[in-house]
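Have a look at the structure that comes next, please.
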Amino acid sequence: MSKEADRRFWAEKISDEIENRKLEDPIVIKGAVSPSGSPHLGHLNEIMRGYYVAEVLRGRGYSVRQIFTSDDKDALRKIPNILTDENWDLVGLGDIDAKVLGKNLGVPYSEIPNPFNSEYKSYGDHFTALLKESAEMAGVPIEFISTTDMYNEGAFDETVREALQNLSKVREILSKYQRNVSEDYIPFIPQCEKCRRLTTGVKRIDMELEVIEYECEGFADAEGSRMGGCGHRGVATFREGKLSWRFEWPADWKVLKIDFEPFGKDHAEGSWPSGQEIAREIFGIEPPIPMVYEWFTIGGKALSSSKGNIVTIRDLVELVEPEIVRYFFAKNPNKQRDLNLEKIDILVDEFDEFEREYYGENSQKISPNVSMSAYPMVVKNTVEKWVGEGDLGAFKSRRRIPYRFAAALGMNDDRNLQIEIANRRKIIDKDMEDWVTSLAIGRVERGRQWAENYQNEYNYQLSRKVPEIEIDGEIGRALEELASFVEEGHNEVEIQEAIYEIAKNNEIEIGQFFEVNYRLLFAQERGPRLGPLLAALDREFVVMRLRREG
RNA sequence: GGGCUGUUAGCUCAGUCAGGUAGAGCAACGGACUCUUAAUCCGUCGGCCAGGGGUUCAAAUCCCUUACAGCCCGCCA
């Protein structure tokens, strides 16, 4: 078999592994994030990576349940500098009631009052809602579960019991993976009934009554400094507190019967190896099939909610179609990728090529097996939206306006004019079905947003007023000739030719003449191809502008 | 100090698992379309596949090693 024929979509390979296990129906795939702050594109890995595997398995006839735990029983351990409000706008601590956060360090996210104007009860619920919106924007149906609810419902009772019954084994296993596991290590963190903090200071465990006696001694913040507790002495049930992370994760696998879970590289060498052993030795289950994904960076630095170094899915869907967001997550998870929104046009080009490859419209095949397998999943929702579920044959007639050209088209917000220009350029046809035009033209607004956000060379905007430029005699005459020519009514080819002709006749360098025109229209030195533009724009406007009359 | 992952053209990436003549897009440069102006088409340039060593008839691919980047081995995800 040739090498090329064997290249496969990573989700297919992982699915093979999952399939090779004896599985009960349904196959359960999990992802998780703690709702600690602004959800960003890195978090979407927890949803998208599992999604592709889920879709592959569904395609093979399995029923798959994809779930996502919002780990909202985790404590707030650090106050983020930058947060995201209910409109996905970034806000600083000054814009919200930051005191609420300071007072609640150490308290589970699900119990911290919501400092935003959103409708949710808690800080945790606010960010869980944004995570849900992220999944929706990506078009992934996924079931959300609150870890707090799981504790409250007693879902973890059995695993807490198993962990506390086997303390010596727990300590033995953990010390293989962590240094300084103390002799009195307890894998359970009680929540102080008085100050509501997850705290240390366990005094006694009563396995008969299934309670933990504690004296609230405080907790460690994100920097590892100890924060004092309130000193309250109390008793916690197995539901009033939580397993420490290294045990909660494998407990999740048991309680939710997880078969597959993707996780970030931060877990790959820490909690995953210990989690496997804990799953087998303490909870008596086989751990899920793992998959490690690399992190994205921005400018080479890790995405960080607390530092505000983030790109959200909302930022991305402003610039590109949802299928391109999905495409991004279909790429090899092993590679660290830098998210450079200034160069998002390259990603779009890459997607367009990926799409052409699926339909056999490209000349050079790169990795056809990958596009054959991944493309239908990438565009699933898009196809459903425009032509009906699964009708990839009909969707083949879609058109994509090259992204940079779409950005240039955004110079005018008149949709009909955009269509007109794209038409003249033969990117779309007048007799195409409406959806084709809508899908294609939809890119213009996004490209426009891109040009505006990054103030790049595609940021053309027709100047409302006549820019102040000195025009000397020859150029003035040339402009007048051009104005008259346009006024007579000519097509784009004729106008384009006339520009050269007029420049020549007036002994002006052609480059200079173009530049003057662009300055008049955009107050910039360069611009889109002039003939088609002048032909497409409102004739009266063009004539007036060339005469510097308005 | 130990471990995991990555490093392929100026840029963005395929290709590495199962070794078989280094690929694409963009950029650049040249040309075509009566036309330096973001469309389209043709062409050119561009790489010791991070460096070194090994295995092999054959290595981007397997092994060892070095460098660089990120992460883990405290807490937390």
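Not measured: the values here are computed from a predicted model. So that the names make sense, note that chain A is the first sequence line, chain B the second, and so on, each numbered from 1.
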Mapping V181(A) and D71(A) onto RNA chain B by nearest heavy atom, which one lands closer to the 5' end?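 With V181(A) and D71(A) compared, the 5'-side residue is V181(A).
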In this structure, is the centre-to-centre distance between the rings of Y375(A) and F9(A) below 6.0 Å? no
Roughly how far apart, to the nearest Å, are rC64(B) and rG47(B) at atom P?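 After rounding to an integer number of Å, I get 31 Å for this pair.
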rC13(B) to rG1(B) separation - P atoms, rounded to the nearest Å: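 Looking at atom P only, rC13(B) and rG1(B) are 31 Å apart.
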Say you draw a straight line from CG of L534(A) to CD of Q496(A); how long is it, rounded to the nearest 0.5 Å? 8.5 Å
Is the phosphate of rU7(B) approached by K335(A) (side-chain N or O, under 4.0 Å from OP1 or OP2)? yes
Give none if rU44(B) has no partner; otherwise give the nucleotide forming a Watson-Crick or G-U wobble pair with it, both distances under 3.5 Å. rA28(B)
Can you tell me the Watson-Crick or wobble partner of rG1(B), both distances under 3.5 angstrom?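 Because both required distances fall under 3.5 Å, rG1(B) counts as paired with rC73(B).
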Quick test: give all pairs of protein nitrogen or oxygen and nucleotides 9-12 of chain B nitrogen or oxygen below 3.5 Å, distance rounded to 0.1 Å.
residue: rC11(B); atom: O2'; partner: K343(A); partner atom: NZ; Å: 3.4

Pairwise P distance, rG52(B) and rU16(B) [rounded to whole Å]: 23 Å
Can you give me the N/O atom pairs linking the protein to nucleotides 37-44 of chain B at distances under 3.5 Å, or say none if there are none?
residue: rU37(B); atom: OP2; partner: Y500(A); partner atom: OH; Å: 2.4
residue: rU37(B); atom: O2'; partner: Y518(A); partner atom: OH; Å: 3.0
residue: rU37(B); atom: O2; partner: Y518(A); partner atom: OH; Å: 3.2
residue: rU37(B); atom: O2; partner: G527(A); partner atom: O; Å: 3.4
residue: rU37(B); atom: O4; partner: G511(A); partner atom: O; Å: 3.3
residue: rA38(B); atom: OP1; partner: R529(A); partner atom: NH1; Å: 3.2
residue: rA38(B); atom: OP2; partner: R529(A); partner atom: N; Å: 2.1
residue: rA38(B); atom: N7; partner: Y460(A); partner atom: OH; Å: 3.2
residue: rA38(B); atom: N7; partner: G527(A); partner atom: O; Å: 2.6
residue: rA38(B); atom: N6; partner: Y460(A); partner atom: OH; Å: 2.4
residue: rA38(B); atom: N1; partner: Y460(A); partner atom: OH; Å: 3.0
residue: rA39(B); atom: O4'; partner: R425(A); partner atom: NH1; Å: 2.8

Rounded distance in Å between the C1' positions of rG19(B) and rA58(B):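 Nearest-Å result for rG19(B) against rA58(B) at atom C1': 8 Å.
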At 4.0 Å (heavy atoms only), tell me whether D345(A) reaches a base, stays on the sugar-phosphate, or touches nothing.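 Answer is nothing: D345(A) stays at 4.0 Å or more from every strand.
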Using a 4.0 Å heavy-atom cut-off, does N332(A) contact any base of the nucleic acid, only the sugar-phosphate backbone, or nothing at all?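 It contacts sugar-phosphate atoms only.
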Using nucleotides 67-72 of chain B, report all nitrogen or oxygen pairs with the protein that are shorter than 3.5 Å.
residue: rG70(B); atom: O2'; partner: K265(A); partner atom: NZ; Å: 2.6
residue: rG70(B); atom: N3; partner: K265(A); partner atom: NZ; Å: 3.2
residue: rC71(B); atom: O2'; partner: K265(A); partner atom: O; Å: 3.3
residue: rC72(B); atom: O2'; partner: E269(A); partner atom: O; Å: 2.8
residue: rC72(B); atom: O2'; partner: G270(A); partner atom: N; Å: 3.1

Using side-chain contact (heavy atoms from CB on, under 4.5 Å) as the criterion, point out the one residue from V348(A), L347(A), V320(A) that pairs with Y327(A). L347(A)
Would you mind classifying the nucleic acid contact of K176(A) as base, sugar-phosphate or nothing, using non-hydrogen atoms under 4.0 angstrom?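 Answer is nothing: K176(A) stays at 4.0 Å or more from every strand.
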Is the closest side-chain donor-acceptor distance between Y185(A) and S244(A) under 3.5 Å? yes
C1' atoms of rA60(B) and rU21(B), separation to the nearest Å: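 My reading of the C1' atoms in rA60(B) and rU21(B) gives 13 Å.
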For rC26(B) and rC49(B), measure between their P atoms and round to the nearest Å.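 About 25 Å, rounded to a whole number of Å.
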With sequence neighbours left out, the residues meeting ring pair (Phe, Tyr, Trp, His ring centres under 6.0 Å) with H267(A) are W245(A), W249(A)
Separation between the P atoms of rG30(B) and rC62(B), rounded to whole Å: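 Going atom to atom, P in each nucleotide, I get 42 Å.
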For Y123(A), the ring pair (Phe, Tyr, Trp, His ring centres under 6.0 Å) test, sequence neighbours excluded, returns Y109(A), F127(A)
Round to a whole Å and report the spacing from CZ of F127(A) to P of rA77(B). 17 Å
Kindly compute the distance separating CD1 (I495(A)) from CD (E488(A)), expressed to the nearest 0.5 Å. 10.0 Å
Going from CD on E350(A) to CZ on F328(A), what distance comes out if it is rounded to the nearest 0.5 angstrom? 9.5 Å
Across all strands shown, which nucleotide pairs with rC68(B) by Watson-Crick or G-U wobble geometry, both distances under 3.5 Å? rG6(B)
Just how far, in rounded Å, is P of rC75(B) from CG of D74(A)?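 Distance check: D74(A) CG to rC75(B) P gives 14 Å.
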Under 3.5 Å donor-acceptor, E323(A) side chain and V378(A) backbone: no
Do T297(A) and D338(A) get their side chains close enough for a donor-acceptor pair, meaning under 3.5 Å? yes
Partner lookup for rU37(B), please. Criteria are Watson-Crick or G-U wobble with both distances under 3.5 angstrom; report none if nothing qualifies.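 Here rU37(B) is not engaged in any pair, so there is no nucleotide opposite it.
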Return the nucleotide paired to rG20(B): Watson-Crick means purine N1 to pyrimidine N3 with N6-O4 or O6-N4, wobble means G-U with N1-O2 and O6-N3, both under 3.5 Å.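 Partner of rG20(B): rC57(B).
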Taking Y359(A) for its side chain and S397(A) for its backbone only, find out whether a donor-acceptor pair lies under 3.5 Å.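 Here the side-chain-to-backbone pair does not exist.
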Holding to salt bridge (Lys or Arg N to Asp or Glu O under 4.0 Å), I want the full list of residues that pass it with R443(A), two or more places apart in sequence or in another chain. E321(A), D352(A)
Matching residue for S274(A) among R246(A), E269(A), Q178(A) - test: side chain to side chain donor-acceptor pair (under 3.5 Å):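 Going through R246(A), E269(A), Q178(A) one by one, the side chain to side chain donor-acceptor pair (under 3.5 Å) with S274(A) is satisfied by R246(A) alone.
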Pick the C1' atom in rG20(B) and in rG25(B), then give their distance to the nearest Å. 26 Å
